[in-house]
Amino acid sequence: MAELSILYFAWVREMIGRDEDMVAPPPGASVADVIALLAARGGGYAQAMARPEKLRAALDQNFVALDTPIGNARELALFPPVTGG
Amino acid sequence: MAELSILYFAWVREMIGRDEDMVAPPPGASVADVIALLAARGGGYAQAMARPEKLRAALDQNFVALDTPIGNARELALFPPVTGG
Amino acid sequence: MSAVVIGPDDFDAAAQCAALEAMGGGAVATFTGIVRGDNGLIALQLDHYPAMTKAQVERIVAQAQARWPLLGVRVIHRVGRLEPGARIVFVGTASRHRTAALESCAFLIDWLKSHAPFWKQEHFADGSTRWVEARVEDDARAAAWNDQATSGN
Amino acid sequence: MSAVVIGPDDFDAAAQCAALEAMGGGAVATFTGIVRGDNGLIALQLDHYPAMTKAQVERIVAQAQARWPLLGVRVIHRVGRLEPGARIVFVGTASRHRTAALESCAFLIDWLKSHAPFWKQEHFADGSTRWVEARVEDDARAAAWNDQATSGN
């Protein structure tokens, strides 16, 4: 099964205390499914993933909705809504 | 009767060939009446004043519509629509 | 530094921006107009109505300040002979709010175009000259700010 | 000079403006965002997603270029620790047309706010920190550009 790099930014990274993880999501999993898998790890993961509606995601560096299938993507980033500019 | 300074700008000044004139408009005269008086002088005046709808005016340095009475104003400026900026 | 400068001299846009940036807002918007060398144009001659110009521009600036929460405004409009590449006009606004800075900057340049007593004459390489005609769109853009104010947008 | 620069370094806004003014259009619009020292803020820390940031900003620039007739665009966004008074972001556009320069500049800063992967963390004098929350108005302003495109305005 393909490995997926997961990157964290802003308070997601701070709550988890890590910059990234590698996971092997089940076939057909969506971004939301991966978020649920991470939340099940408890601790900072559970805290960061507690309210998926507060999260935004990018698959292979393109913004996607949380119901998007992971497909063959290599990199999933999870972060709060952006606040640049 | 009060004397009124008339100032010309842009192509109005060029057609008339003068920067300014002094006139004594009749009591109750409007800006348009003064324009008609100037047009009656013929030559460059007639040319510059031929189409009043192409002219704009300021009385004592405030933009006014052409039907505005001269009243006690001391200075009338006649010019084309502005093109600054 | 006066908020409004009308005169023949070029200006240091960087110094203007630095002054606006130092006003403690988070947002500075600027617009700079430059002489284009189209169609053989060798110079623009900018005529104005000296006794009226500065007061009228200051009136427009006061309208912008009444309408948006601005920390600073700078308007510089040059007059006289200006060659291609020369700056004609600079508008700069500083605010705590991005939209206030951007909108007031656009308002000011739109209103300068249609409400300040300047006239441009084009001088061409063949010796001919032409007074620039006012554009209907410019009046429409300026009028649109009034419509917005009326409808509360 | 690249149209898009993402990095920790401050920049010479005057040089950016000079480059835009030299592009032969008649109109240059700029927006500069600056760190405000409100409520005891001593620094902003700007986080970003390095592999994605530049490509995403270039995509936004390409959208502006497709939508308005632009001669040049410059976007500079800083990252890392920035103290009050420091520039965070610069957007500059050059066009033959005043409205194209002004509108594209506003579009770019609105879209950077809502579509570029940057995150701001506030650091206060008392040692506390706070991640800035996205503002609903910012999304609404960015979305409004889409509505305009759809309705043909």
Side-chain angles (χ1 to χ4, degrees), chain A residues 2-23 31-32 34-35 38-39 43-68 70-85, chain D residues 4 6 31-35 44-60 75-80 82 87-91 105-123 128-142:
Chain A
E3 288 263 294
L4 179 69
S5 294
I6 309 191
L7 309 184
Y8 309 115
F9 293 101
W11 54 252
V12 179
R13 188 191 58 225
E14 282 196 337
M15 285 185 189
I16 294 175
R18 295 173 60 86
D19 289 340
E20 57 180 295
D21 279 304
M22 295 294 291
V23 302
V31 172
V34 173
I35 289 172
L38 292 167
Y45 287 97
Q47 190 189 357
M49 306 294 158
R51 298 177 59 187
E53 75 276 12
K54 294 279 186 187
L55 297 175
R56 299 294 180 270
L59 264 183
D60 285 346
Q61 297 152 30
N62 291 294
F63 290 116
V64 294
L66 299 192
D67 60 1
T68 306
I70 300 296
N72 296 317
R74 316 277 305 254
E75 183 173 294
L76 169 65
L78 298 172
F79 42 76
V82 302
T83 57
Chain D
V4 174
I6 313 293
F31 178 85
T32 307
I34 299 141
V35 180
L44 278 185
Q45 180 74 31
L46 268 124
D47 195 3
H48 75 131
Y49 180 1
M52 181 175 175
T53 315
K54 189 153 191 252
Q56 181 68 14
V57 176
E58 284 171 347
R59 212 173 294 170
I60 296 169
V75 176
I76 304 175
H77 203 302
R78 294 176 70 192
V79 294
L82 300 172
R87 299 184 187 100
I88 306 171
V89 63
F90 173 88
V91 173
C105 181
F107 167 89
L108 283 163
I109 188 67
D110 285 348
W111 277 62
L112 281 174
K113 287 244 172 212
S114 57
H115 290 77
F118 295 96
W119 299 273
K120 290 192 187 102
Q121 188 182 40
E122 296 173 326
H123 291 232
S128 64
T129 64
R130 189 183 80 94
W131 288 96
V132 173
E133 285 191 44
R135 302 189 332 154
V136 173
E137 309 95 274
D138 288 339
D139 283 346
R141 275 183 65 88

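Per chain, numbering begins at 1; letters A, B, ... match sequence-line order.
Applying ring-ring contact (aromatic ring centres under 6.0 Å, His included) to D/W119 and the options A/W11, A/F79, A/Y8 leaves one that passes, A/F79.
Taking each heavy atom of A/A77 and D/Y49 in turn, the nearest pair found is CB-CE2, 3.4 Å. A/R13 and D/D47 make their closest contact through NH1-OD2, 2.8 Å (heavy atoms, listed as atom of the first residue, atom of the second, distance). In terms of heavy atoms, A/V82 sits closest to D/H115 at CG2-N, 4.0 Å. Residues A/F9 and D/H48 approach most closely at CE2-O, 3.1 Å, considering heavy atoms. When all heavy atoms of D/V132 and A/T83 are compared, the pair lying nearest together is O-CG2, 3.3 Å.
There is no contact between A/D60 and chain D, counting heavy-atom distances below 4.5 Å. If you measure heavy-atom distances from D/A51 to chain A, the contacts under 4.5 Å come from both the backbone and the side chain. In this structure, chain A has a heavy atom under 4.5 Å from the side chain of D/Q56, while its backbone stays farther away.
Annotation: maximal heavy-atom pairing with chain A below 4.5 Å, among D/R59, D/R78, D/R135, occurs at D/R59. Among D/Q121, D/K113, D/E133, the residue with the largest count of heavy-atom pairs under 4.5 Å with chain A is D/K113. Chosen from D/L112, D/V89, D/I109, D/L108, the residue pairing most often with chain A at heavy-atom distances under 4.5 Å is D/V89.
Crowding of A/R74 atom CZ: a count of heavy atoms from other residues, nucleotides or ligands under 6.0 Å not exceeding 12.
No donor-acceptor pair closer than 3.5 Å links the side chain of D/H77 to the backbone N or O of A/G84.
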